[in-house]
Structures are given as structure tokens and as C-alpha cells.
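Down below is the structure, laid out as C-alpha cells.
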Amino acid sequence: MEVGLTLGLENHEGTLKLSLLESGCYVKEITIKLDGGASWLYQGMINAFEEQIGSAVESAITSKLKDGILKLDSFLQSLPKEIPVDDNASLNVSFVENPELSSSSIEFDINGLFTDGKKVQPVSNHYRQVFQPSVFCIDQSKMLGISLDEAVFNSASALYYDAEFMEWIVDKVPDQALLNTAGWRFIIPQLYKKYPNDDMNLNISLSSPPVIRISEHNIGATVYADVIIDVVEGSQVISVACISLVIRGTGSVKIMGNNLGGSVKLDDLAMSLKWSKIGNLRMYLIQPVMWTLVQTVGIPYANSYLGKGFPLPIIHGFTLQNAEIIFSSSKVTVCSNVSYSESDNLNQVPIHIK
């Protein structure tokens, strides 16, 4: 018996549309043998209707093929267009462009950008993906390759910046003496002279979204932040100076289950005085203090979020195995084998289409 079918697979408004273009089944030979009783009689009847039986088998298999393709098409169209990351963000996994086929693989392009969890549209058109063909894996035997453009990471940066998640007040640090004017008496004498032994807060806010750049060796991040030095007198908070920081760090990524997580370390810190109500400040004396604050407060705070990671676009029921990470110009590629849990039925895939 020979069975053949030709399928069409195309993008349809962000989902995959599978269609059966052509199918056929040809039964070259069929043998049915009966034993016992009056089998000789029935055997003769079966032999007489061998051609009709073969035709019925062909029709039945062709019909089952059509039903199977319809079921698979329904499953593909039920795949979620968004994957929730947290209460504020989702990952847009709607398909763009038509799949590209080769002799040994199939390539899909998805939007991949972070979006507001309460809205459907992307955060910013500025980070619209520029699609580049081919996912490069050193080990060609890997079953799956996922390529993430730096635009994905920058869309996350822009989303959380717009949601005002990159503003906080620091009132506790490992060296609590740094949050009292007495701890600054040799660094900013005029501050201690005007506000002796008063408690302090550091009001930190990012002046723009962090910028992520990916090279062949690592991930780099540049953060622009303003630090306002506040003095606390009773119930009154007095802002006395503002220092602008340019923080440069290097990031690393790792696979945690089906999530891509990571961490960042401080490489460089530049600073300048933005404004002051207590006269000129000697920035070379303040820089070690700011370095310590960024290293002991800012970096651990960022890593606590980065460590949780965000979900990679993997179909429910499949799990990454023996994944490796490859850096290239402007992209991070995850190459992995996958395993499938038989307890997960494709018909039970949760639907989150919005």
C-alpha cells in the first residue's frame, strides 16, 4: 500500500493554517485469509470482492487522513498568541511571515516582543523585529533552535520603563551608615554641616530604558539613571542634590527549564552632577560610594528579577533538554533537544488567544 499527501502551511493572521492540498491511497495488494468452519466458502467470496475491499480500504484511509489534518489544523490555530510573563507583561508569540521549509527543517518567525499584559498592541514600533533567516546551531543534530534578537530584550526594557517599574527609594543598604549625613561628612562636608546626623534616602529613577546590545561574546547593558540625595528631617524630605549615572554592565544568560534567565555584573560607572542646592560636589569622592551602592543594592535588585527569567516559545507539553546558548551579532540562539510528556494531550493545550 502507498499513501501520499501534500500539505500547505501558511501564516493566517498570526496563527498557522494547515491545509490538505492533495492526498491519495493506493492498495497494490491485499490478502485476507480465513480459518475454520466454512472458511473455504467465505474465502471464495472475499477473493471475488478483493478489488472492492481494496477500494474501501483506500477510501477509509483517505478519509482518516483528512480528519487527522483537520484536527491538527485546529490544534495549530488554538496555539496562544501571547504567553504571560507576569501581571504586567506578556510575550507576543503570534506568527509573522509564512514558514520556510528546507530538506531537513522548518523555520517559523514569531513577533517575539514583550507587550503590556493588559493590552494587545506592542510596546513600541521602534523595536519592531527585523527578520533574518536561519537559526545557526553548531550541533546540527539538535532538534530545536530558537533565535532571539536584541529587539526582544529591548522591548522588555521599554515596557517595564514605561510601567514605571524602574523607580525606587533606597532607605536600607548593607552599610546603613551611608544613609546618614554623618557617613558623608568627609565626602560632602557642607551636607553634614547643614544637616548634621540626619537620615537620608536615595531616590533612584532611570532617565530612559536600559539599552541592550548583543555581540558574538556576551550581552552588554547600558543604564542611565538619576540619583536624588534626600535628607529626612522629621516628617520632611528635602532634596539636596541630583547625580546622573551611566552604568555599564555585562550580562549572562542560562536556561532554567523552558525559561531563559540571567544575571548582570557591573563593569563601569560614570557620573556627573545634574544639580545641587548645597554647592559644588567633589565627584571623585562620591564615585566610590555610588559604585558601592550600585554593586550592593542595584545589581542584586536587578538580578532578583533577571534570575526568574521569561518563558521561551515552547508548545505546552514539550521540555528543553541539553540546551546550549550561542551568541552572535545582535542575537542569542538557544539550541536544544526536546522531550514530550505523553500525559499531555495535544487537545488539552491551554488557550490564551486575545
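Predicted, not measured: the structure shown is a model, and the values here were computed from it.
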*asked:* Pair Ser252, Ser263 - check side-chain hydrogen bond (donor to acceptor under 3.5 Å, both in side chains), show working.
replied: CA-CA 5 Å; Ser252 62; Ser263 62; 3.0 Å; yes

Nearest 0.5 angstrom please: [X] [atom1] to [Y] [atom2], how far?
X      : Y      : atom1 : atom2 : answer
Ser336 : Glu324 : OG    : CD    : 8.5 Å
Ser63  : Glu58  : OG    : CD    : 13.5 Å
Ile188 : Tyr195 : CD1   : OH    : 12.0 Å
Ile238 : Asn201 : CD1   : CG    : 12.0 Å
Ile212 : Asn154 : CD1   : CG    : 5.5 Å
Leu281 : Trp275 : CG    : CH2   : 10.5 Å

Is the shortest heavy-atom distance from the side chain of [X] to the side chain of [Y] under 4.5 Å?
X      : Y      : answer
Thr333 : Ile146 : no
Thr222 : Arg213 : no
Lys172 : Val170 : no
Ile326 : Val332 : no
Ile61  : Val27  : no
Val57  : Ile30  : yes
Leu79  : Thr15  : no
Ser19  : His12  : no

Hey, are [Y] and [X] close enough side-chain-wise for a donor-acceptor pair under 3.5 Å?
X      : Y      : result
Ser239 : Asp230 : yes
Ser244 : Asp226 : yes
Asn11  : Asn98  : no

[X] atom [atom1]: more than 12 heavy-atom contacts under 6.0 Å:
X     : atom1 : value
Gln52 : CD    : yes
Glu13 : CD    : no
Glu2  : CD    : no

Hydrophobic clustering (ILVMFWY, side-chain heavy atoms < 4.5 Å, transitive) - are [Y] and [X] grouped together?
X      : Y      : value
Leu21  : Leu9   : no
Leu72  : Leu20  : yes
Tyr284 : Phe186 : no
Ile278 : Ile187 : yes
Leu91  : Tyr305 : yes

Do the side chain of [X] and the main chain of [Y] share a donor and acceptor less than 3.5 angstrom apart?
X      : Y      : value
Glu107 : Glu100 : no
Ser94  : Lys81  : no
Gln176 : Val173 : yes
Ser157 : Pro210 : yes
Ser55  : Glu51  : no
Gln140 : Cys137 : yes

*Please lay out, stage by stage, how Leu5 and Ile69 fare under the test side chain to side chain contact (heavy atoms under 4.5 Å, CB included).*
CA-CA 10 Å; Leu5 67 162; Ile69 296 303; 4.1 Å; yes

*side-chain hydrogen bond (donor to acceptor under 3.5 Å, both in side chains) between Ser102 and Ser105, worked out*: CA-CA 5 Å; Ser102 71; Ser105 66; 2.8 Å; yes

*Could you walk me through whether Ile204 and Glu167 pass the side chain to side chain contact (heavy atoms under 4.5 Å, CB included) check?*
CA-CA 6 Å; Ile204 302 175; Glu167 301 177 3; over 6 Å; no

Can you name the nearest heavy-atom pair linking [X] to [Y], along with the distance?
X      : Y      : answer
Leu273 : Cys242 : CD1-O, 3.5 Å
Pro311 : Pro84  : CG-O, 4.0 Å
Phe318 : Val338 : CD2-CG2, 4.2 Å
Phe165 : Tyr301 : O-OH, 4.3 Å

*Aromatic ring centroids of Phe114 and Tyr160 under 6.0 Å?*
no

*Stepwise, does the salt bridge (charged side-chain N to carboxylate O under 4.0 Å, His left out) test hold for Asp73 with Lys71?*
CA-CA 5 Å; Asp73 175 57; Lys71 184 177 180 180; over 6 Å; no

*Run through Val152, Asn92, Val93 and flag the one making a side chain to side chain contact (heavy atoms under 4.5 Å, CB included) with Asn111.*
Asn92

_Option among Asn180, Asp171, Thr181 that satisfies the side chain to side chain contact (heavy atoms under 4.5 Å, CB included) test with Met200_ = Thr181

_Between Leu285 and Trp184, does the side chain to side chain contact (heavy atoms under 4.5 Å, CB included) criterion hold? Intermediate values first, please._
CA-CA 10 Å; Leu285 294 177; Trp184 295 65; over 6 Å; no

*Honestly, is Lys331 close enough over Phe327, meaning NZ or CZ under 6.0 Å from the six-membered ring centre and within 45° of the axis?*
no

*Please step through side chain to side chain contact (heavy atoms under 4.5 Å, CB included) for the pair Lys265 and Ile299, ending with a clear verdict.*
CA-CA 7 Å; Lys265 67 181 183 70; Ile299 296 298; 5.7 Å; no

